[in-house]
Amino acid sequence: MERQKESNVQQKKGRRVILFPLPLQGHINPMLQLASILYSKGFSITIIHTNFNSPNPSNYPHFSFNSISESLWESEVSTEDTISLLTVLNDKCVVPFQDCLAKLISNGDQEEPVACLITDAIWHFAQTVADTLRLPRIVLRTSSISSFLAFSAFQILLEKGYLAEQVSFSSDSQLEKPVTELPPLRVKDIPIIVTHDTRNFHQLISAVVSKTKACSGLIWNSFEDLEQTELTRLHKDFPIPMFPIGPFHKYCLASSSSLLSQDPSCISWLDKQAAKSVMYVSFGSIVIVNVTEFLEIAWGLANSRVPFLWVVRPGLVPGVEWLEPLPKGFLEMLDGRGHIVKWAPQQEVLAHPAVGGFWTHNGWNSTLESICEGVPMICQPCFGDQLVNARYASHVWRVGLHLERKFERREIETAIRRVTVEAEGQEMRERIMHLKEKLELSLLEAGSSYQSLERLVDHILSF
Ligand code: UDP
């Protein structure tokens, strides 16, 4: 599908939509992409954002931005315990968010009344605020439908003992056990997130699920052909309008919402590599590894003899600035076969003809971006929804090889060669190209995402 430029705005709808992204990279990107899509459909856009991880307003001259002061302590500003961060944010944003929203509604330009609020699902407190101000709230869930289905079943999983089995590091056979209530998941695929107080995690999930049930509509960055069964299953428990309109980034350019600057040297380096020869490696914006794991990754890449582009985000190894743990002479030994950057223009990288595989943590954006470009994956999920996404990528769509949280150099080396060089990788590539075709069809006029977007526009105008 043709990318719609911002200038290609449809006739103005005379209504304003207020969006409130969660301040994490994997959530900011899809929310700002959604804002651009709605802008292209004629809505005026206001973004409310926290000071923490604030997006750059100058990249969006057509939107108006309002920051709220959430007053986080220095010690609270860390993504190493994401659940603690999200719990604190949900607590500290209530008052400044309500004040900001109330002002925006009351100052509202009469020509452009506010139609609705769209928030990330994790902002569960926003439902009560929206109810108080009598404003409809639509939820954007930035992950897969299948992982939300698992989160929404947490109470049952807790009661049946599955969660306890997973957290207590049970035997391999227990972890391999199927979760009969949630096929095709096994106990080890249940999307837990380790945090210093597990009760916070359960409370957060329960609040997100119950407040999502109370909202006026649910938007997905996914498409029907990919998750039709899960969508139908979810709809039974969530009888609210659902809008799977993804993949968002195919409607508009997205790099402008990157919090880190993207190193353009990736592209000039890829330009010099053979077609489909390179393994691209990135574990997103939050995953951390220890020094031992970091070295296993490095040696696995080096020993595979496959060219690689590796994103080592500052902070990937806590307490280490960047590449210091690499042994002396490691980079020289690669002799140009590897390129390491702090942050990449990922969508451009995945679309580059030299890329033959993506070793990913299976964050939902990365998974979807890989499908969009037909790049087979090595799936190495670490926590939360990544566990579910990896299970689907490897066993349902069969477009990836599952590494299941083992950073071991020989296994890594073998996996890289299986995906980039061997016939198995070629078969995965054929399957993912097939998904890419379906995805492209969904964005055409008669396609499911296109139609869902039309329904969403009508839904917003009906408020
Ligand atoms: N990303 C990027 N450059 C990188 C690595 C990641 O621009 O070097 C982007 C990627 O395209 C995706 C987002 O960061 O849109 C990561 O989101 P995802 O859901 O995959 O993972 P998370 O960071 O939330 O764990």
Side-chain angles (χ1 to χ4, degrees), residues 144 146-147 184 189 222-223 225-227 246-247 249-250 266 270 273-284 287 297 300-301 303-311 337-339 344-382 385-408 410-442:
S144 58
S146 34
S147 67
D189 306 316
S222 187
F223 59 103
D225 264 340
L226 192 68
E227 298 194 280
H249 72 282
K250 283 288 160 185
C266 299
L270 284 171
Q273 311 303 320
K276 303 210 183 334
S277 67
V278 174
M279 178 55 70
Y280 169 59
V281 188
S282 170
F283 303 119
V287 162
I297 297 169
L301 286 167
N303 296 343
S304 73
R305 301 185 304 285
V306 165
F308 63 87
L309 171 61
W310 182 16
V311 176
R337 194 172 51 73
H339 189 62
Q346 181 162 300
Q347 289 159 22
E348 248 185 285
V349 165
L350 288 168
H352 196 286
V355 172
F358 181 13
W359 182 7
T360 172
H361 68 310
N362 284 114
W364 183 239
N365 296 289
S366 295
T367 307
L368 208 51
E369 289 161 13
S370 209
I371 294 173
C372 281
E373 305 307 337
V375 178
M377 296 168 242
I378 295 178
C379 305
Q380 186 127 32
C382 296
D385 65 306
Q386 301 155 16
L387 300 159
V388 178
N389 302 338
R391 177 69 174 160
Y392 272 75
S394 58
H395 289 82
V396 179
W397 309 317
R398 295 168 59 229
V399 296
L401 189 76
H402 209 158
L403 258 184
E404 319 213 20
R405 188 67 185 162
K406 280 192 201 92
F407 288 102
E408 199 278 313
R410 234 158 289 151
E411 261 195 62
I412 292 168
E413 179 191 332
T414 312
I416 292 174
R417 295 193 65 79
R418 278 170 70 187
V419 170
T420 50
V421 183
E422 292 172 16
E424 198 179 352
Q426 183 53 32
E427 286 161 19
M428 285 180 203
R429 182 166 302 112
E430 279 161 24
R431 284 192 286 268
I432 202 164
M433 286 307 287
H434 188 55
L435 275 185
K436 174 179 154 74
E437 279 161 26
K438 286 190 175 173
L439 170 160
E440 282 164 356
L441 285 177
S442 78

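Heads up: numbering here begins at 1 and tracks the sequence.
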For the pair Arg417 (side chain) and Ser304 (backbone), establish whether a donor and an acceptor sit closer than 3.5 Å, ignoring hydrogens and angles. yes
Distance col, row Thr360:OG1 vs Leu403:CG, nearest 0.5 angstrom, shows 11.5 Å
So CD of Glu440 and CZ of Phe223: to nearest 0.5 Å the spacing works out to 9.5 Å
Salt bridge (charged side-chain N to carboxylate O under 4.0 Å, His left out) filter on Lys276, not counting sequence neighbours, yields none
Heavy-atom nearest pair, Tyr280 first then Ala344, reads OH-CB, 3.8 Å
Item to check | Heavy-atom side-chain contact between Gln346 and Val311 under 4.5 Å | outcome: no
Value for CD (Gln426) from CZ (Arg431), rounded to nearest 0.5 Å, stands at 10.5 Å
Note: Leu309 and Val278 closest approach over all heavy atoms is N-CG1, 3.8 Å
- Query: Can any side-chain N or O of Arg391 pair as donor or acceptor with the backbone N or O of Pro184 at less than 3.5 Å?
  - Reply: yes
Rounded to the nearest 0.5 Å, the CH2 atom of Trp397 sits from the CG atom of Asn389 at a distance of 6.5 Å
Distance col, row Ser370:OG vs Asn365:CG, nearest 0.5 angstrom, shows 12.0 Å
Sorted by chain and number, sequence neighbours left out, salt bridge (charged side-chain N to carboxylate O under 4.0 Å, His left out) with Glu430 holds for none
* Does any non-hydrogen side-chain atom of Tyr392 lie less than 4.5 Å from one of Thr367? -> no
Scanning both residues in full, the closest heavy-atom pair of Leu350 with Glu369 reads CD1-CB, 3.7 Å
Between Pro381 and Gln386, the two heavy atoms sitting closest are CB-O, 3.3 Å
Can you find a pair of side-chain heavy atoms, one from Met377 and one from Ile432, that are under 4.5 Å apart? yes
Requested in this report: I would like to know whether Ile378 and Met279 meet side-chain contact (heavy atoms from CB on, under 4.5 Å); could you show each step before the answer?
Outcome: CA-CA 9 Å; Ile378 295 178; Met279 178 55 70; 3.6 Å; yes
Those residues at least two apart in sequence (or on a different chain) that pass side chain to side chain donor-acceptor pair (under 3.5 Å) with Ser222 are Glu227
Taking atom CZ of Arg398 as the centre, report whether more than 12 heavy atoms of other residues, nucleotides or ligands fall under 6.0 Å from it.
-> no
Distance col, row Asn362:CG vs Leu368:CG, nearest 0.5 angstrom, shows 11.5 Å
Check your understanding: Under 3.5 Å, is there a donor-acceptor pair between the side chain of Arg429 and the main chain of Glu427?
Key -> no
**Asked** Mind checking whether Phe283 and Phe407 have parallel, tilted or perpendicular rings, split at 30° and 60°?
**Response** perpendicular
Nearest heavy-atom contact between Thr420 and Ile416 is OG1-O, 2.7 Å
query = So do the side chains of Leu439 and Leu226 get within less than 4.5 Å of each other, counting heavy atoms only?
reply = no
- Determine whether Ser366 and Phe358 make a side-chain contact, defined as any pair of heavy atoms from C-beta on separated by less than 4.5 Å. yes
Residues Ser277 and Pro307: closest non-hydrogen pair is O-CD, 3.5 Å
